[in-house]
Peer 1: 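The structure is given below, and queries will be raised subsequently.
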Amino acid sequence: MRFMNKNLFKVLIFTTLALFINNCDNDSKNNKQQKEENKMSITKELFGKADGKDVFLYTLENKNGLIAKITNYGAIVTSLIVPDKNGKFDDIVLGFDSLQDYLDGHPYFGAIVGRYGNRIAKGRFTLDGVEYTLATNNEKNHLHGGIKGFDKAVWDAEEFESNDGVGLKLSYISPDGEEGYPGNLSVKVAYTLTNSNELKIDYEAETDKATPVNITHHGYFNLAGAGKKDVLDHKLQIDADKYTVVDETLIPTGELRNVENTPMDFKTPHLIGERIEQVPGGYDHNYVINNNGKMVKAIEVYEPESGRIMEVLTTEPGVQFYSGNFLDGTNIGKGGKVYYKHYGFCFETQHFPDSPNQPDFPTTILKPGEKYGYTTIYRFLTK
Ligand code: GLA
């Protein structure tokens with residue numbers, strides 16, 4: 001009996017071991033197969049019509065299953081679906097399900113803004129002795145390209161695949177005189193969803209007359225998932241010693257002020273909500289990035305519950321940190337979710353606001369024969 005038991009025990013151990021090894025082998029085969037099958041892809045569907053033109057929605061998927069949905073109306077990123085620390089995917093940008101919702105008006109959700117992102121005081125500037133008057137759409141000021149900026153244009157779009165990832169190249173010709181700007185401006189914006197889990201944006205422009213140019217992406221992010229809660233418990237770090245001080249209409253006074261010992265200081269990580277009450281109206285400020293025109297990690301933001309991290313890398317000298325202060329629950333977003341105050345934040349990489357009227361700020365004037373261009377990367381990680 002004892003002998004039988006011992007033998008039976010041995011047989012059981014061997015069988016279990018054999019089954020286990022076989023299972024592991026199958027698992028690794030499955031994983032390998034899955035990886036091979038998990039190729040990047042791009043699909044295109046009709047989203048509707050604007051300005052009498054067809055508008056499409058493109059779905060980009062990288063090798064790791066991250067998804068970006070982009071429409072050629074306003075070059076808008078409508079969805080960005082990324083994993084949390086447990087591998088659960090969620091949409092982390094604010095936006096709408098239908099084109100009609102975008103056409104009905106919204107605060108630049110996920111759009112490319114231009115020709116001049118941010119404000120130009122009273123919509124006026126002088127260039128080569130000529131005074132130009134732009135459309136004013138933010139009280140007395142010009143904001144984000146005017147009444148019909150790049151965020152409301154129907155762009156041409158072309159899909160591409162590279163070793164790096166899968167992408168969409170959008171182009172738009174902004175005609176001479178559009179919203180008051182001089183010169184025909186040819187703009188190209190390439191979004192790449194890389195296999196390193198980044199949304200990379202390459203901006204290019206050329207003009208036939210001198211003109212101010214300051215193009216940016218106006219994505220509203222919430223790393224907990226869009227529409228779930230506010231962003232006040234996200235931990236934020238910004239590599240900036242200074243910010244541009246603004247007046248009550250958010251136009252820079254020209255002063256670059258040190259952030260040290262103020263609620264503006266994010267040189268070390270702080271919760272967005274920690275000192276927001278001390279900043280009248282909330283954060284809506286241009287930070288001066290310590291980068292000297294080089295590509296650096298300017299921002300890191302972390303949401304502890306999901307473990308999601310977003311890094312922002314840019315070659316631009318500034319970034320507007322906007323804490324979604326004007327969101328007020330009137331926007332019903334994807335899946336019927338309501339976007340209340342502080343439900344998203346934006347990091348708009350840019351030159352400083354009102355640069356055409358601020359001789360001491362880095363220039364934003366593009367001349368014929370010159371090439372405008374820069375890159376910003378939104379990178380997604382977990383911990
Ligand atoms: C930018 C501006 C804000 C606001 C938002 C959109 O971030 O700086 O003041 O206009 O866009 O509402």
Side-chain angles (χ1 to χ4, degrees), residues 74-77 93-96 101-102 104-123 134-152 179 201 212 214-222 226 230-231 236 238 240 243-253 264 266 272 276 279-289 298-299 301 312 314 316-331 333 338-358 361 364 376 378:
I76 293 171
V77 177
V93 296
L94 275 54
F96 300 114
D101 288 324
Y102 288 102
D104 288 346
H106 63 104
Y108 308 95
F109 286 152
I112 292 295
V113 296
R115 186 178 297 201
Y116 199 96
N118 218 307
R119 291 172 180 77
I120 295 179
K122 302 194 175 74
L134 304 173
T136 46
N137 57 330
N138 187 242
E139 309 280 321
K140 288 190 175 124
N141 298 326
H142 175 88
L143 174 69
H144 294 332
I147 295 159
K148 191 173 181 206
F150 294 178
D151 60 295
K152 295 178 191 74
E179 300 295 304
I201 315 180
N214 191 31
I215 311 172
T216 189
H217 174 66
H218 207 297
Y220 286 69
F221 300 90
N222 186 328
D230 65 43
V231 294
L236 171 64
I238 308 178
Y243 70 101
T244 47
V245 179
V246 285
D247 67 15
E248 61 289 346
T249 70
L250 299 183
I251 295 294
T253 60
M264 299 299 291
F266 285 95
I272 292 177
I276 198 167
V279 182
Y283 295 100
D284 196 354
H285 296 83
N286 171 64
Y287 281 82
V288 180
I289 301 302
I299 286 166
V301 57
V312 186
T314 191
E316 279 292 90
V319 62
Q320 184 85 5
F321 166 39
Y322 170 57
S323 52
N325 315 322
F326 301 126
L327 297 174
D328 59 3
T330 51
N331 293 115
V338 184
Y339 301 145
Y340 298 103
K341 189 171 183 179
H342 304 314
Y343 261 49
F345 50 75
C346 304
F347 295 118
E348 304 150 56
T349 55
Q350 61 180 8
H351 271 56
F352 306 166
D354 199 31
S355 296
N357 295 309
Q358 299 276 351
F361 287 179
T364 50
T376 289
Y378 298 90

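Numbering of ligands and ligand atoms starts at 1, following listing order.
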Peer 1: Side-chain contact, heavy-atom cut-off 4.5 Å: V231 with Y220?
Peer 2: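 Not in contact.
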Peer 1: Once the angle between the rings of F347 and F345 is folded into 0 to 90°, is it parallel (under 30°), tilted (30 to 60°) or perpendicular (over 60°)?
Peer 2: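 Tilted, since the angle between the ring planes falls between 30° and 60°.
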Peer 1: Between Y243 and F321, is there a side-chain heavy-atom distance shorter than 4.5 Å?
Peer 2: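 Contact flag for F321/Y243 side chains = no.
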Peer 1: Among T216, T349, T244, D284, find the one that has a side chain to side chain donor-acceptor pair (under 3.5 Å) with Q320.
Peer 2: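 Checked T216, T349, T244, D284 against Q320; only one passes side chain to side chain donor-acceptor pair (under 3.5 Å): D284.
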Peer 1: Check whether D328 reaches the backbone of T330 with its side chain - one donor and one acceptor, N or O, closer than 3.5 Å.
Peer 2: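 Checking the backbone N and O of T330 against the side chain of D328, a donor-acceptor pair under 3.5 Å is found.
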Peer 1: Heavy-atom cut-off of under 4.0 Å around ligand 1: list whichever protein residues fall inside it, by chain and number.
Peer 2: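 The 4.0 Å shell around ligand 1 contains P107, Y108, R119, L143, H144, H218, Y220, L250, D284, Q320, Y322, F326, E348.
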Peer 1: Would you confirm whether N214, through its side chain, and G117, through its main-chain N or O, come within 3.5 Å as a donor-acceptor pair?
Peer 2: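 Between the backbone of G117 and the side chain of N214 there is a qualifying donor-acceptor contact (under 3.5 Å).
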